[in-house]
Peer 1: 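Got a structure for you, questions after.
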Amino acid sequence: MQALEELSENLRELLARYEALLKENVQLREDAERQRQELIRTHSELLELQQKNRRISLANAMTAAEGSEEASKRLNALIAQVDRAIAVLKR
């Protein structure tokens with residue numbers, strides 16, 4: 001009879017460990033999903049910043065080439081557009 005009790009106790013322990021592993025698995029999957037979402041957000045932000053950098057580089061090239069007040073106004077307008085676009089994307 002003791003062997004049966006021992007087997008029953010081992011089975012309960014095994015089931016308890018299994019339940020704990022299931023809970024840990026769910027938590028790890030949730031953590032992985034949060035990390036994936038953060039990676040997507042960070043990648044999107046990187047792309048936005050790269051685009052802004054290209055626009056600023058283009059505007060700087062225009063300013064250097066033209067060297068006029070008009071180019072400066074265009075540069076300021078482009079920067080304002082980029083800032084507005086970033087503000088909209090952050091919502």
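All of these numbers come straight from a predicted model, not from anything done at the bench.
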Peer 1: Could you pull out all donor-acceptor pairs under 3.5 Å where a side-chain atom in residues 29-41 meets a protein atom, sequence neighbours excluded?
Peer 2:
unit_1: R29; atom_1: NE; unit_2: N25; atom_2: OD1; d: 3.0
unit_1: D31; atom_1: OD1; unit_2: R34; atom_2: NH2; d: 2.1
unit_1: E33; atom_1: OE1; unit_2: R36; atom_2: NE; d: 3.1
unit_1: E33; atom_1: OE2; unit_2: R36; atom_2: NH2; d: 2.9
unit_1: E33; atom_1: OE2; unit_2: Q37; atom_2: NE2; d: 2.9
unit_1: E38; atom_1: OE1; unit_2: R41; atom_2: NE; d: 3.4
unit_1: E38; atom_1: OE2; unit_2: R41; atom_2: NH2; d: 2.6
unit_1: R41; atom_1: NH1; unit_2: E45; atom_2: OE1; d: 2.9

Peer 1: Side-chain atoms of residues 47-56: list all donor-acceptor pairs with protein atoms under 3.5 Å, sequence neighbours left out, distances to 0.1 Å.
Peer 2:
unit_1: K52; atom_1: NZ; unit_2: D83; atom_2: OD1; d: 3.4

Peer 1: Contact between V26 and K23 at the side-chain level, heavy atoms closer than 4.5 Å - yes or no?
Peer 2: no
Peer 1: How many angstroms lie between CD in E9 and CG in L4, if you round to the nearest 0.5 Å?
Peer 2: 12.0 Å
Peer 1: Who are the side-chain hydrogen bond (donor to acceptor under 3.5 Å, both in side chains) partners of E13, not counting sequence neighbours?
Peer 2: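 Result, side-chain hydrogen bond (donor to acceptor under 3.5 Å, both in side chains) vs E13: R17.
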